[in-house]
**Q** 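The structure's right below; bear with me while I get my questions together.
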Amino acid sequence: MTIKAVRGFKDILPDDSLRWVTAEDVARGIFETCGLKEIRTPILEKTEVFARGIGEHTDIVEKEMYTFTDRNGESVTLRPEATAGIIRAVIEHKLYGKASMLKLFTMGPMFRHERPQKGRLRQFHQINCEYLGSQAPLADAEVIWMAWKVLTSLVTSSELLLQINSLGCPKCRPLHRADLQLCLKNLAPKLCPDCRRRAKSNPLRVFDCKNEECKRILASAPLVKHYLCPECSIHLGKVLDILEAFGVPFVQNPYLVRGLDYYVRTTFEIVSPDLGAQSTVAAGGRYDGLVKALGGPDLPGVGMAIGVERLLLLMDIQECRLETNLFVAALGNEAREEVLPLVKELREEGIVVEMTYEEKGLKAQMKQANRLGASHVLIIGDKEIEEEKAVLRDMKTKEQQEISFKEIIPLLKDLFAGE
RNA sequence: GUGGGCGUAGCUCAGCUGGUUAGAGCGUCGGGUUGUGGCCCCGAAGGUCGUGAGUUCGAAUCUCAUCGCUCACCCCA
């Protein structure tokens, strides 16, 4: 039996890696134009970072974390999301003192022990950004715009839908929550078992129920948007205005809830119908109390996360491979040795050069050159070495020319200059 | 954690109601051209039929168990 990767952990194979780099580069470029700086925090944190950050009673903390005690007896966990760790780092290094506002991004693996399925892995990757220190609606809008921009830059064939909602703030949310719980208590007998459970643990989640019967019953339940205080209401309005000014299409979804406890006010999700059951490619929102909850100053924040695997699922499948510029076909062991310094020099000039590692006939080497997509082949055998000339073949036109050894470097350098 | 579907060559898959040495296409390697690629022709390598047990004269095929993958529930990026 061959050894396989751990369940839910996937290898990123050579054929895919260029698409990963493309996605990461596009995101990085967009973030940099907005003035964000990259931060890289450890994959492992003390468990309390997440317990306090995400919320003790969330599914993530209760049953999905990779938690274990290390050799010192301390409880540590593989990060299930990025925000809590970043905030821990910001507090630890007092980064908040250095600028009025922190704009950070990161990308890397996250870990959650869930049952794998389409678009869901136990090790998955996110591209995250966090704005710390501003309550301005512009901060929310900019974060949302960046998520939208990254996705639409990479995905063309799929319908992306941006949904937005406001969850209210500590002032207005409790009023809604109380009314909702009261309402759910009355409706409980008619609801599905899942909803009855949610009614107690996380009442807002009942609105996510897919049960048609529950949906009908809950249509009359109180919505957050009717409880928003004037400040929250104005905030949401401004965020939406800015998005409109940015030309980002969106719909409001009064039922949109987030799974993590720390969200307040703005929450958003970008979904695609092409992803199967996990339709969310990117999501985020405002988390004004989080920095304080983790022991830092009372800094407001907004952030978002893009699921990289899900994004790649939506990217148009295209074979990305690095083209070989030149294939050096050396005939015989003497010629092979003779040619090595030349190969090295060409590579130092930035030309992508390949040759065989074993001795092979010319035919086999031509075949390989063709497979590698080399535009030119440089043929060097005993005859060429004797005459200090090489044969350069253009693979497209099939034209061949003899060039003296001395001319090789400048000529090829010139030939591949534009590429 | 619960349920459905699926495990045959590197990849995509055939293999009918059990019947001898398990097949195809693609890919790889070699030959047809002892120094010239794509197309064509020929050939070769490559398989504990996921694993284990059971039924049977005989199992890739039927039964059970187990592992893995996958989709969905739950939840989330």
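Worth knowing before you read on, the calculation uses all heavy atoms, side chains too, and leaves out hydrogens, waters and symmetry mates. Order of the sequence lines fixes the chain letters, A, B, ..., with proteins taken first and strands second; residue numbering starts at 1 for each chain.
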**Q** Any strand counts, and the cut-off is 3.5 Å on both contacts for Watson-Crick or G-U wobble. Which nucleotide pairs with B/rC6?
**A** B/rG68
**Q** Using Watson-Crick or G-U wobble geometry with both distances under 3.5 Å, which nucleotide pairs with B/rG1?
**A** B/rC73
**Q** Take atom NZ of A/Lys103 as the centre, draw a 6.0 Å sphere, and report whether it contains more than 12 heavy atoms from other residues, nucleotides or ligands.
**A** yes
**Q** Where the side chain of A/Lys363 is defined as all heavy atoms beyond and including C-beta, which of B/rA77, B/rC73, B/rG37 is the nearest nucleotide?
**A** B/rG37
**Q** Take atom C1' in B/rC69 and the same atom in B/rG50, then report the distance between them in whole Å.
**A** 10 Å
**Q** Hey, does the side chain of A/Arg347 reach the backbone of A/Val353 with a donor-acceptor pair shorter than 3.5 angstrom?
**A** yes
**Q** Can you check the distance between B/rG35 and B/rC41, where both ends of the measurement are the P atom (answer in whole Å)?
**A** 25 Å
**Q** So if I take every side-chain heavy atom of A/Gln117 and compare against B/rA72, B/rU28, B/rG38, which nucleotide ends up nearest?
**A** B/rA72
**Q** Is there a donor and acceptor pair, one atom on the side chain of A/Lys398 and one on the base of B/rG38, closer than 3.5 Å?
**A** yes
**Q** Taking atom types as modelled and ignoring hydrogens, do the side chains of A/Arg371 and A/Gln368 form a donor-acceptor contact shorter than 3.5 angstrom?
**A** no
**Q** Kindly assign one of parallel, tilted or perpendicular to the pair A/Tyr66 and A/His113, based on the angle between their ring planes and the thresholds 30° and 60°.
**A** tilted
**Q** Respond yes when some side-chain nitrogen or oxygen of A/Lys10 is under 4.0 Å from OP1 or OP2 of B/rU70, and no when none is.
**A** yes
**Q** Both distances below 3.5 Å, Watson-Crick or wobble geometry, any strand: find the nucleotide opposite B/rG18.
**A** none
**Q** Do we see a donor-acceptor contact under 3.5 Å between the side chains of A/Asn128 and A/Thr106?
**A** no
**Q** Counting side-chain heavy atoms from CB outward, which of B/rC76, B/rU28, B/rU36 is closest to A/Arg310?
**A** B/rC76
**Q** Assess whether atom CD of A/Glu348 is packed by more than 12 heavy atoms of other residues, nucleotides or ligands within 6.0 Å.
**A** yes
**Q** Roughly how many Å is it from CZ in A/Phe124 to P in B/rC75, rounded to a whole number?
**A** 17 Å
**Q** Counting the atoms with a prime plus P, OP1 and OP2 as sugar-phosphate, which does A/Ile379 contact under 4.0 Å by heavy atoms, base, sugar-phosphate, or nothing?
**A** base
**Q** How far does the C1' atom of B/rG46 sit from the matching atom of B/rC26, given to the nearest Å?
**A** 14 Å
**Q** Base, sugar-phosphate, or nothing for A/Gly276, non-hydrogen atoms under 4.0 angstrom?
**A** sugar-phosphate
**Q** Please report, rounded to the nearest Å, how far the P atom of B/rU36 is from the CE atom of A/Met395.
**A** 13 Å
**Q** To the nearest angstrom, how far is A/Asp59 atom CG from B/rC73 atom C1'?
**A** 13 Å
**Q** With heavy atoms under 4.0 Å as the rule, sort A/Leu121 into base, sugar-phosphate or nothing.
**A** base
**Q** Which one is paired to B/rC62, where only Watson-Crick or G-U wobble pairs with both distances under 3.5 angstrom count?
**A** B/rG54
**Q** Looking for any heavy atom pair under 4.0 Å, which part of the strands does A/Gln365 touch: base, sugar-phosphate only, or nothing?
**A** nothing
**Q** Looking only at side-chain atoms of A/Ala364, point me to the closest of B/rA77, B/rG30, B/rG35.
**A** B/rG30
**Q** Would you mind reading off the distance between A/Glu114 atom CD and B/rU70 atom P, rounded to a whole angstrom?
**A** 14 Å
**Q** Choose from B/rA77, B/rG37, B/rU70 the nucleotide whose nearest atom is closest to any side-chain atom of A/Met366.
**A** B/rG37
**Q** How many whole angstroms separate atom CD of A/Glu359 from atom C1' of B/rG35?
**A** 13 Å
**Q** Round to a whole Å and report the spacing from NE2 of A/His113 to P of B/rU2.
**A** 12 Å
**Q** Quick one: does A/Arg112 reach the base of B/rC75 with a side-chain donor-acceptor pair under 3.5 Å?
**A** no
**Q** Check this for me: does the side-chain of A/Glu64 come within 3.5 Å of the base of B/rG1 through a donor and an acceptor?
**A** no
**Q** Taking the same atom, C1', in B/rG10 and in B/rU56, what whole-Å distance lies between them?
**A** 35 Å
**Q** Can you check the A/Lys63 NZ to B/rC74 P distance for me, whole Å?
**A** 11 Å
**Q** Phosphate oxygens OP1/OP2 of B/rC76: is one of them under 4.0 Å from a side-chain N or O of A/Arg122?
**A** no
**Q** Answer yes or no: side-chain N or O of A/Arg7 and base N or O of B/rC67 forming a donor-acceptor pair under 3.5 Å.
**A** no
**Q** Under 4.0 Å between any heavy atoms, over every strand shown, what does A/Gln123 touch: base, sugar-phosphate, or nothing? Just pick one.
**A** nothing
**Q** Can a donor-acceptor pair be found, under 3.5 Å and without considering hydrogens, that links the side chain of A/Asp70 to the backbone of A/Glu74?
**A** yes
**Q** Atom CH2 of A/Trp20 to atom P of B/rA77: distance rounded to whole Å?
**A** 16 Å
**Q** Provide the distance between the two C1' atoms, one in B/rG52 and one in B/rG30, to the nearest whole Å.
**A** 40 Å
**Q** Suppose we define a pair by two distances each less than 3.5 Å, Watson-Crick or G-U wobble; what does B/rC39 pair with here?
**A** none
**Q** A/Leu331 side chain: which of B/rG35, B/rG30, B/rA77 is closest?
**A** B/rG35
**Q** Is there a Watson-Crick or G-U wobble partner for B/rG25 with both distances under 3.5 Å, and if so, which one is it?
**A** B/rC11
**Q** Looking at A/Arg393 and B/rG37, is any side-chain donor or acceptor paired with a base atom of the opposite kind under 3.5 Å?
**A** yes
**Q** For atom P, what is the distance between B/rU55 and B/rC71, given to the nearest Å?
**A** 38 Å
**Q** Looking only at side-chain N and O atoms, does A/Arg371 come under 4.0 Å of OP1 or OP2 in B/rU28?
**A** yes
**Q** Base, sugar-phosphate or nothing for A/Ala369? Non-hydrogen atoms, less than 4.0 Å.
**A** nothing
**Q** Across all strands, who's sitting opposite B/rC49 as a Watson-Crick or G-U wobble pair, both distances under 3.5 Å?
**A** none
**Q** If you count every heavy atom of other residues, nucleotides or ligands that lies below 6.0 Å from A/Glu334 atom CD, does the total exceed 12?
**A** no
